[in-house]
Every structure is written in structure tokens, then in C-alpha cells.
Amino acid sequence: MDSNLYIYNTLSRTKEKFEPLHPPLVGLYVCGPTVYSDVHLGNCRTFVMFDLIYRYLLHLGYKVRYVRNITDAGHLEGDMDEGDDKFAKKARLEQLEPMEIVQKYTLGFHDVMRLFNALPPGIEPTATGHIIEQIEMVKQILNNGYAYEVNGTVYFDVEKYCKEFNYTILTNRQLDDLLENTRELGGQNEKRGRLDFALWIKAKPEHIMQWPSPWGTGFPGWHIECSAMSSKYLGNSFDIHGGGMDLAATHHTNEIAQSQACNHVQPAKYWMHTNMLTVNGTRMSKTKGNGFLPHELFTGSHELLSRGYSPMSVRFFMLQAHYRSTLDFSNEALEASDKGFKRLINAYGLLEKLNPSQKSDIDLKSLTERCYAAMNDDFNSPVLIAELFEAVHIINSVYDRKTAATAADIEALKKLMDDFVIGVLGLKEESNQSDDMGKLLDFIINLRSEAKVNKDYATSDKIRIGLNSIGIQLKDNKEGTTWNKI
RNA sequence: GGUCGGGUGGCCGAGUGGCUAGGCAGAGGUCUGCAAAACCUUUUACAGCGGUUCGAACCCGCUCCUGACCUCCA
């Protein structure tokens with residue numbers, strides 16, 4: 001289990017050798033979506049990138065417990081402690097119960113993740129399902145002296161915490177600057193310090209989602225759910241905590257503070273943050289209104305798109321950038337990824353049709369090593385993909401009989417592609433050569449081949465053009481005819 | 001204002017003190033009934049100005065531009 005995996009840790013701002021706390025077990029916690037509206041493509045990027053990370057850890061042989069929460073309570077609209085609950089607001093808008101909102105968008109999220117071929121996490125806990133755990137944690141933080149209660153609301157005492165711990169460890173900000181530049185927020189008259197944040201919030205009578213607590217009826221603050229659920233399922237201290245970069249400064253900073261105040265340990269050994277998806281250089285976000293919804297992308301129903309793109313092409317587009325880089329979204333970039341993905345996956349399909357030779361002029365050992373080296377270097381999927389195109393080159397060349405490969409080489413090629421394209425990158429063929437449509441197409445291709453043998457090119461071209469018009473491309477070569485979806 | 005990033009060829013996007021990233025697009029060729037695919041060859045590059053160095057796109061300084069976070073947000 002001694003891998004050479006290096007992970008960029010936000011805590012240290014360097015790449016560190018990955019050494020799990022309890023190998024071969026790995027605890028992975030990722031902040032999931034807030035299910036009051038559809039997830040957009042930027043959200044999806046984070047979950048696809050952590051899917052890559054999860055898959056690679058599994059591939060290396062780790063036993064990974066992957067926890068990704070569903071936030072279904074506790075998020076307020078606008079300023080701290082004053083705004084509407086997002087779920088209640090949306091429920092009023094759509095004339096539904098808040099839990100109907102939660103159900104609707106949770107199911108939608110799962111559908112999208114399935115389309116992107118993301119493995120489901122082992123545990124997907126919800127905030128509303130863990131109110132008791134959150135209350136217990138708040139009680140413990142109060143007992144430890146890092147929080148105080150005012151009129152049914154419990155606040156975290158950041159100033160007190162700062163005397164013993166480094167509050168800004170994730171972002172390296174200066175506390176004085178934070179104090180000077182933090183905007184005037186709600187609840188100021190109740191709070192002792194302007195950086196203090198709510199652990200438990202007293203519910204107004206009209207607030208729909210509320211629960212009894214030692215401090216009266218209320219609901220949990222924004223950050224406590226992840227602390228409570230991660231420690232419940234992964235222990236007070238676990239291996240990797242991930243999420244989008246936008247969460248680092250506030251949500252994750254406060255999570256660390258809560259866990260330290262409660263358990264006196266750093267919750268996670270490695271903090272990983274994925275970068276943002278941008279459109280024309282600015283971040284895609286719900287509030288900016290430049291968010292793409294996955295189905296708009298799949299169907300092409302968006303003004304910036306010339307056509308629809310399949311989930312696998314979009315996944316491939318995401319994988320072609322490193323998770324810590326911003327990725328700029330455009331129709332042109334997507335078009336390029338779509339073609340690249342098809343090139344890769346078509347080569348994968350050709351693996352079954354390769355003919356072995358006695359000799360070999362390829363070096364798969366070095367290629368395989370480079371694939372591992374790429375992923376071991378902080379999950380560098382773009383470099384991995386570049387290496388895999390070397391494999392594509394080899395496969396095509398062997399198929400064309402321009403390069404010789406032994407049966408053992410071909411097996412190794414298959415393993416390489418299975419391991420990395422299917423297993424690690426999580427890509428898959430979107431059309432299957434052996435299903436009913438495949439058999440039907442084989443039949444049609446045979447008819448066309450007969451026409452070609454008889455030099456009846458009018459018929460053969462008619463078939464080819466006709467299939468092309470419904471999205472099936474035929475490719476003639478020495479071995480016969482193959483097809484793929486356009 | 002503070003913190004942290006980034007500026008790479010037509011586009012997306014890696015990387016590094018000296019060795020082709022890769023994909024897409026463009027050009028030429030091979031193959032082919034034609035086409036496509038595949039294969040071969042190939043053009044376009046590291047924001048600007050200084051400095052360190054035998055050598056810098058990569059290190060340092062300055063300038064310009066730009067992004068994220070600092071308020072819920074993946």
C-alpha cells in the first residue's frame with residue numbers, strides 16, 4: 001500500500017506525500033450540494049473531479065469511505081441570521097413543502113451524477129437527518145467554552161478560539177484585516193465579536209423548518225452539519241476533506257474551528273479544493289445567472305451552444321483540465337473535447353479487434369509508468385490523458401498493421417485502457433457494439449458490403465449517407481467496416 | 001483595501017531552468033470506387049521590461065492585465 005501519491009494540501013500550500021492515518025482505510029469527505037435548485041455545471045465539475053480522486057484511490061487499492069453530504073436545511077438567503085431560509089423561500093415560490101423541494105432537487109442531482117458516470121458515495125447523509133448530532137456538537141462546543149448563547153441563538157466565539165488556535169490556517173489571512181474588512185452582518189447586536197458565526201439559530205415563528213433544542217426551537221447554522229456528519233462517519237480526524245475553493249475561506253475555516261473547539265484535533269489531514277468553472281473568464285454561479293444546467297448542455301438548448309454534447313464528452317472536457325486550475329467554458333472548447341473523447345473511446349473499442357504479431361515494437365511498460373506518474377502527481381488528469389493518446393496512437397497503428405504488438409502487449413494495452421480510461425477517468429462508451437442496435441447495424445453493414453462487392457456504389461453510398469443523417473458514421477478500412485455515433 | 005491565484009500558439013489546456021505536452025482547428029501527403037476514419041509530415045507560443053545564470057517561458061524584481069475569496073455559493 002505504499003504508493004507514491006502526492007496531494008496538494010491547502011493547509012500547507014504544498015504537495016505532500018499521501019499517507020493515510022489508518023491504511024488501507026481512507027476517509028474522504030466532500031461538501032455536497034445544497035438542494036434548493038438545480039445543480040449547474042460548475043457544481044458538477046467539483047463532484048466529477050472528486051469522483052476522479054475517489055476512483056484513483058480505489059484503483060490504488062485503498063478502502064475508501066466516501067461521504068458526501070446533501071445540505072437540505074440551514075442555509076439562509078442573504079445576510080447572516082436575518083434572511084429567509086432558502087428551502088422555505090423556494091417552497092413558497094414553487095408552492096411545495098420544503099421537503100418536496102429537497103426531494104425534487106436531490107433526485108435531479110442524482111440523475112445528473114449518474115449521467116456523468118460518477119460513482120455514488122458510500123454514505124450520503126443529510127443535514128435534517130442529523131439534527132441530534134449537530135445539537136450534541138453545539139453542546140460540546142459550549143461546554144468547552146468556545147461558544148455562547150444569546151436569546152436562543154448560539155454563536156461561535158472566534159476571538160476566544162484565536163487565542164489557542166490558528167483560525168485562518170486555510171487561507172492565511174491576517175485576523176486584523178479580517179476584523180477591519182468584514183462587512184457589517186446581521187446579528188451584530190447579539191454577537192460579541194464581528195467574526196462570530198451562528199452554530200444554532202433561533203427560529204422565528206413563521207420559519208417552517210425548525211427543531212427543538214436545549215436553547216429553544218431553532219435550526220442548525222451553516223457550518224455545523226459537515227462537522228457533525230464527518231466526525232460521525234469518519235471519526236474526529238480523517239484523511240481528506242474536499243470541496244470547491246469558494247468554500248475554503250468561510251465554510252471550511254469554520255468547520256476546522258468547530259472541530260478543533262469540540263474535539264481538539266484537526267478534522268482532516270489533507271484539505272483539497274477544486275477550482276472554479278468559468279464562462280468568459282468569470283466564475284459560473286447561480287447568483288450571477290451565467291450558470292449552465294446539465295440538461296441545457298446535453299440538449300444544446302443554450303444560446304452559447306451550437307448543439308448538444310453528451311455527458312461523457314462533458315466529463316472528458318472537465319478531465320482535460322487539472323482540478324486546481326480554472327477551466328473556461330465555451331462552445332469551441334467543448335467541440336474540441338467532444339472530438340477528442342470520441343477519438344479516445346473509439347480506440348478503446350478497437351482493442352477487441354487487434355491482431356497479435358510474433359514481434360513487438362512498442363514499449364508499454366514505460367507508458368504505464370507515465371500514466372501512474374501523472375496521477376500520482378496530485379491527480380494530474382490532463383497529463384494522464386496526454387499519455388493515453390499515446391496508447392490511442394499505438395492501438396490505431398496496430399489496427400492498421402503498421403505497428404506490431406504481441407498478444408501479451410495487446411493484453412497489457414487492454415488492461416491499461418480499462419484501468420485508466422474506464423476505471424480511473426470514469427469514461428465509458430456511449431454506444432455499445434454488441435447490443436441490439438449493434439447487431440442491426442452489423443446486418444446493414446453486411447448488406448452494404450455486398451453492394452460494394454457488386455460495385456453497386458449507389459446503394460452503398462445511400463446506406464452510408466442515410467446512416468450518417470441519423471447520427472451513425474461508417475468507417476471503411478482493410479479489416480472491414482466499423483461504426484460509431486457522431 | 002486584504003489574502004491567494006493566473007496571464008502559454010486560432011481555441012481549450014499541461015509542464016518545466018537546457019529534451020515534442022496533449023486534444024481540437026489549419027496545411028500537405030498515404031490509403032480508398034468516392035468519402036470518412038486512420039496513418040505520416042507540418043505552421044503558429046510562452047503579457048511587457050529588467051536581473052540572476054553557460055543557458056529562463058520556467059527563478060528574482062518591477063509594470064500592465066485578469067480571476068477567485070474576504071457575504072450564501074462547488
Side-chain angles (χ1 to χ4, degrees), chain A residues 10 13 30-34 36 39-50 75-80 83 86 168 171-174 176-178 180-186 222 242-251 253 273-278 281-288 291 316-317 320-322 324-344 346-347 350 374 377 380-390 392-393 395-397 399-400 402-403 452 455 457 460-461 464-465 468 473-478 481-484 486:
Chain A
T10 310
R13 282 166 283 279
V30 175
C31 290
T34 304
Y36 71 98
V39 286
H40 62 66
L41 205 65
N43 304 115
C44 294
R45 182 188 182 198
T46 291
F47 304 127
V48 166
M49 294 326 283
F50 277 104
H75 270 230
L76 299 184
E77 193 82 32
D79 285 352
M80 196 177 190
K86 284 182 172 176
T168 55
T171 52
N172 208 26
R173 288 166 302 172
Q174 299 298 306
D176 293 344
D177 295 327
L178 262 188
E180 277 171 34
N181 293 299
T182 299
R183 216 176 59 170
E184 195 69 31
L185 295 172
W222 324 326
M245 253 177 207
D246 50 340
L247 298 180
T250 314
H251 182 57
T253 291
H273 290 99
T274 55
N275 214 324
M276 300 292 109
L277 188 66
T278 59
T282 15
R283 173 187 165 189
M284 185 180 288
S285 80
K286 286 178 191 175
T287 43
K288 280 188 184 137
F316 183 77
F317 164 72
Q320 271 192 308
H322 188 254
R324 280 191 289 114
S325 302
T326 54
L327 171 59
D328 202 53
F329 180 91
S330 68
N331 189 67
E332 203 177 355
L334 220 51
E335 191 73 37
S337 289
D338 182 65
K339 296 215 172 119
F341 166 68
K342 279 173 178 150
R343 190 166 136 82
L344 180 66
N346 286 338
L350 285 180
D377 183 15
N380 198 325
S381 54
V383 169
L384 170 64
I385 288 171
E387 302 295 357
L388 289 173
F389 273 106
E390 171 72 23
V392 168
H393 178 76
I395 292 166
N396 285 328
S397 186
Y399 183 70
D400 280 355
K402 284 175 179 156
T403 298
K452 278 177 68 178
K455 298 204 190 295
Y457 296 124
S460 73
D461 286 354
R464 187 179 68 206
I465 292 162
N468 195 71
Q473 179 184 50
L474 297 187
K475 294 177 288 191
D476 295 331
N477 48 60
K478 287 171 189 156
T481 301
T482 59
W483 63 272
N484 61 268
I486 299 169

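Predicted, not measured: the structure shown is a model, and the values here were computed from it. Chain identifiers are assigned alphabetically (A, B, ...) following the order of the sequence lines, protein sequences preceding nucleic acid strands; residue numbering begins at 1 within each chain.
A/Ser325 has a side-chain polar atom (N or O) that falls below the 4.0 Å cut-off from OP1 or OP2 of B/rA14. Taking side-chain N and O atoms only, A/Thr34 has a distance below 4.0 Å to OP1 or OP2 of B/rA74. In this model, the phosphate group of B/rU3 is not approached by any side-chain N or O of A/Asn172 to a distance below 4.0 Å at OP1 or OP2. Of the side-chain N and O atoms in A/Thr250, one or more sit less than 4.0 angstrom from OP1 or OP2 of B/rC70. Residue A/Asn43 places at least one side-chain N or O closer than 4.0 Å to OP1 or OP2 of B/rA74. Residue A/His393 places at least one side-chain N or O under 4.0 Å from the OP1 or OP2 atom of B/rC40. The side chain of A/Asn380 places an N or O atom within less than 4.0 Å of a non-bridging phosphate oxygen (OP1 or OP2) of B/rG15.
Distances were taken from every side-chain heavy atom of A/Gln473 (C-beta onward) to each of B/rG13, B/rA36, B/rC34; the shortest belongs to B/rA36. For A/Met284, counting side-chain heavy atoms from C-beta on, the closest listed nucleotide (B/rA36, B/rA74, B/rG13) is B/rA74. Out of B/rG13, B/rG33, B/rC72, the shortest distance to the side chain of A/Tyr457 is found at B/rG33. Among B/rG13, B/rA14, B/rG23, the nucleotide with an atom closest to any side-chain atom of A/Val383 is B/rA14. With B/rA14, B/rC73, B/rC39 as the candidates, the nucleotide lying closest to the side chain of A/Asp400 is B/rC39. Set against B/rA68, B/rA38, B/rA74, the side chain of A/Leu277 has B/rA74 as its closest nucleotide. In this structure, of B/rC73, B/rC34, B/rC12, it is B/rC12 that holds the atom nearest to the side chain of A/Leu327.
The aromatic ring of A/Tyr399 does not sit over the base of B/rA38, since the test of centres under 5.5 Å and planes under 30° is not met.
The backbone N or O of A/Ser397 sits nowhere less than 3.5 Å from a side-chain atom of A/Asp400 that would complete a donor-acceptor pair. Without hydrogens or angle criteria, A/Asp377 side chain to A/Asn380 main chain gives no donor-acceptor distance under 3.5 Å. Using a distance-only test at 3.5 Å, with no hydrogens or angles considered, no donor-acceptor pair links the side chain of A/Arg343 to the main chain of A/Val392. Not a single donor-acceptor pair under 3.5 Å links the side chain of A/Ser337 to the backbone N or O of A/Leu334. In this structure, A/Thr168 contributes its side chain and A/Thr171 its backbone to no donor-acceptor pair below 3.5 Å.
For A/Arg464 against B/rA36, no side-chain N or O and base N or O form a donor-acceptor pair under 3.5 Å. Judged by atom type and distance alone, A/Asp328 does not reach the base of B/rG13 through any side-chain donor-acceptor pair under 3.5 Å. The base of B/rA37 is not paired with the side chain of A/Asp476 by any donor and acceptor separated by under 3.5 Å.
B/rG51 and B/rA57 have their C1' atoms separated by 16 Å, with the value rounded to a whole Å. When the P atom is compared between B/rU32 and B/rG26, the two are found 24 Å apart, to the nearest whole Å. Comparing the same atom, P, in B/rU41 and in B/rC59 gives a spacing of 33 Å after rounding to whole Å. The separation of B/rA68 from B/rU63, taken at their C1' atoms, amounts to 22 Å, rounded to a whole angstrom. Of the C1' atoms belonging to B/rC58 and B/rU16, the separation is 6 Å, rounded to the nearest Å. The C1' atoms of B/rA38 and B/rC46 are separated by 32 Å, rounded to the nearest whole Å. With both ends at atom P, the span from B/rG13 to B/rG6 equals 14 Å, rounded to whole Å. Nucleotides B/rA14 and B/rG9, compared at atom P, are 13 Å apart to the nearest Å.
Counting to the nearest Å, the C1' atom of B/rA74 and the CE atom of A/Met245 are 11 Å from each other. With rounding to whole Å, A/Ile395 atom CD1 is found 19 Å from B/rA37 atom P. Taking atom CD on A/Gln320 and atom P on B/rG15, their separation rounds to 14 Å, with Å as the unit. Distance A/Leu344 CG to B/rA38 P: 12 Å, rounded to the nearest Å. Taking atom CG on A/Leu350 and atom C1' on B/rC39, their separation rounds to 13 Å, with Å as the unit. One can place CZ of A/Arg324 at 13 Å from C1' of B/rC4, the figure rounded to the nearest angstrom. In this entry the distance linking NE2 of A/His322 with P of B/rU16 reads 11 Å, nearest Å. The CD1 atom of A/Ile385 sits 14 Å away from the P atom of B/rG22 (whole-angstrom rounding).
Atom CG of A/Asp328 and atom CE of A/Met276 lie 14.0 Å apart (nearest 0.5 Å). With rounding to the nearest 0.5 Å, the separation of NZ in A/Lys475 from CG in A/Asn346 is 4.0 Å. Atoms CZ and CZ, on A/Phe317 and A/Phe341 in that order, are 15.0 Å from each other to the nearest 0.5 Å.
Between A/Asp476 and A/Thr481, the side chains place a donor N or O and an acceptor N or O closer than 3.5 Å (distance only, hydrogens not considered). There is a side-chain donor-acceptor pair under 3.5 Å between A/Thr274 and A/Thr46.
Along RNA chain B, the nucleotide nearest A/Thr326 and the nucleotide nearest A/Asn396 are compared for position; the residue whose nucleotide lies closer to the 5' end is A/Thr326. Both A/Phe341 and A/Asn275 lie near RNA chain B, and the one whose nearest nucleotide falls closer to the 5' end is A/Phe341.
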Table of protein N/O atoms under 3.5 Å from nucleotides 45-47 of chain B N/O atoms:
none

Can you pull every protein N or O that's under 3.5 Å from an N or O on nucleotides 24-32 of chain B?
| unit_1 | atom_1 | unit_2 | atom_2 | d |
| --- | --- | --- | --- | --- |
| B/rA25 | OP1 | A/Lys339 | NZ | 3.4 |

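The two residues A/Val39 and A/Cys44 come nearest to each other via the heavy atoms CG2-SG, 4.1 Å. Contact between A/Ala248 and A/His273 at its shortest, heavy atoms only, is CB-NE2, 3.6 Å. Between A/Ser381 and A/Ala321, the shortest heavy-atom contact is OG-O, 3.7 Å.
Counting non-hydrogen atoms under 4.0 angstrom, A/Gly42 reaches a base of the nucleic acid.
Between A/Met284 and the choices A/Leu277, A/Leu327, A/Asn43, A/Thr278, the side-chain contact (heavy atoms from CB on, under 4.5 Å) rule is met once, by A/Leu277.
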Taking Watson-Crick and G-U wobble contacts under 3.5 angstrom, with | marking pairs to another strand and [ ] crossing pairs, the secondary structure of RNA chain B is written (((((((..(((.....[...))).(((((.......)))))....(((((..]....))))))))))))....

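Using cut-offs of 30° and 60° for the angle between ring planes, the A/Phe389 and A/Phe316 rings count as perpendicular.
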